[in-house]
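One is the number of the first residue; the rest follow in order along the sequence. The figures here come from the full heavy-atom set of this structure, side chains too, leaving out hydrogens, waters and symmetry mates.
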Amino acid sequence: MTKATALSGGCQCGAVRYRAVGELGYPHLCHCRMCQKAAGNYFMPLASAKREDFTVTRGEPKWFYSSDIVRRGFCADCGTPLFFDSPDADSINIVLGSLDNPDKVKPVMQSNTGRRMSWFHELAALPVEPEPETPDRENAVAASNHQHPDHDTADWPSGASA
């Protein structure tokens with residue numbers, strides 16, 4: 001389990017925000033095909049929050065039932081995957097990349113490794129692209145950034161009602 005007093009997070013556009021207090025349980029990487037499809041990635045990082053310690057603080061997620069017993073919560077506006085939920089369970093799983101500070105929750109396990117990419121263990125050895133010598137593109141992206149900041153805001157976008 002990962003100890004944390006409070007963790008907040010949300011989608012890329014800021015329409016959906018959430019908060020979890022207490023400990024997050026079983027931080028892990030799931031390699032199942034449903035998680036791959038839901039994340040649009042090779043795996044999905046997840047950890048559970050007790051329902052009584054979890055609150056959606058802005059907006060409402062849209063839900064897709066990926067099976068009869070599991071639903072996936074995401075932002076209907078920007079598409080960010082946010083939750084993996086079995087409504088009858090006493091906890092909800094948070095997609096760790098949607099946390100404001102995802103570095104605070106380190107996965108401790110991998111699940112469904114039978115669907116893990118065969119080359120997954122080679123990723124750390126990939127060459128690293130050098131940082132750009134001129135920050136022109138980075139400055140242009142920053143100047144036109146529409147992404148919600150990694151912290152709670154009273155309004156988003158600025159001046160708008162949340």
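With contacts defined as side-chain heavy-atom distances shorter than 4.5 Å, the pair C75/C13 qualifies. Between C35 and L46 the shortest side-chain heavy-atom distance falls below 4.5 Å. When side chains are defined from C-beta on, I94 counts as touching F54, because their heavy atoms get closer than 4.5 Å. Using a 4.5 Å cut-off on side-chain heavy atoms (C-beta onward), K104 and L7 make contact. In this structure, C11 and L82 have side chains that are in contact, with non-hydrogen atoms separated by less than 4.5 Å. A 4.5 Å side-chain heavy-atom check between P81 and R72 finds every atom pair outside the cut-off.
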Give the C-alpha distance, both sets of side-chain angles, the deciding distance and a yes or no for side chain to side chain contact (heavy atoms under 4.5 Å, CB included) between F83 and Y18. CA-CA 10 Å; F83 314 117; Y18 64 85; 3.6 Å; yes
Passes side-chain hydrogen bond (donor to acceptor under 3.5 Å, both in side chains), R17 versus T153? Steps please. CA-CA 10 Å; R17 299 280 302 156; T153 59; 6.0 Å; no
For a side chain to side chain contact (heavy atoms under 4.5 Å, CB included) check, start with the C-alpha distance between K50 and D90, then their side-chain angles and the critical distance, and finish with the verdict. CA-CA 6 Å; K50 293 179 182 174; D90 63 354; over 6 Å; no
Tell me, with the steps shown, if V70 and F84 meet side chain to side chain contact (heavy atoms under 4.5 Å, CB included). CA-CA 7 Å; V70 170; F84 171 95; 3.2 Å; yes
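Legend: residues meeting salt bridge (Lys or Arg N to Asp or Glu O under 4.0 Å) with R51, ordered by chain and number and at least two apart, are D85. Listed by chain and number, the residues in a salt bridge (Lys or Arg N to Asp or Glu O under 4.0 Å) with R19 amount to none (sequence neighbours excluded). Residues satisfying the ring-ring contact (aromatic ring centres under 6.0 Å, His included) criterion with H31, sequence neighbours excluded, are F43, F120.
Rounding to the nearest 0.5 Å gives a distance of 9.5 Å between CG of L24 and CG of N93. Taken to the nearest 0.5 Å, the OG atom of S111 stands 11.0 Å off from the CE atom of M44. Note: N41 CG to K37 NZ = 13.5 Å, rounded to the nearest 0.5 Å.
At least one donor-acceptor pair closer than 3.5 Å links the side chain of Q36 to the backbone N or O of R115. A donor-acceptor pair under 3.5 Å links the side-chain atoms of T80 to the main chain of Q12, judged by distance alone.
Using modelled atom types, one finds a donor on one side chain and an acceptor on the other under 3.5 Å when comparing R116 with Q110. Between the side chains of S8 and D100, a donor-acceptor pair is found at a separation under 3.5 Å. Between the side chains of S86 and R71, no donor-acceptor pair of N or O atoms lies under 3.5 Å.
Here the closest non-hydrogen pair linking L29 and P45 is CD2-CB, 3.7 Å. Closest of all the heavy-atom pairs between G79 and F74 is O-CB, 4.2 Å. Residues V105 and P27 approach most closely at CG1-CB, 3.7 Å, considering heavy atoms. In terms of heavy atoms, A49 sits closest to A20 at CB-CB, 4.1 Å.
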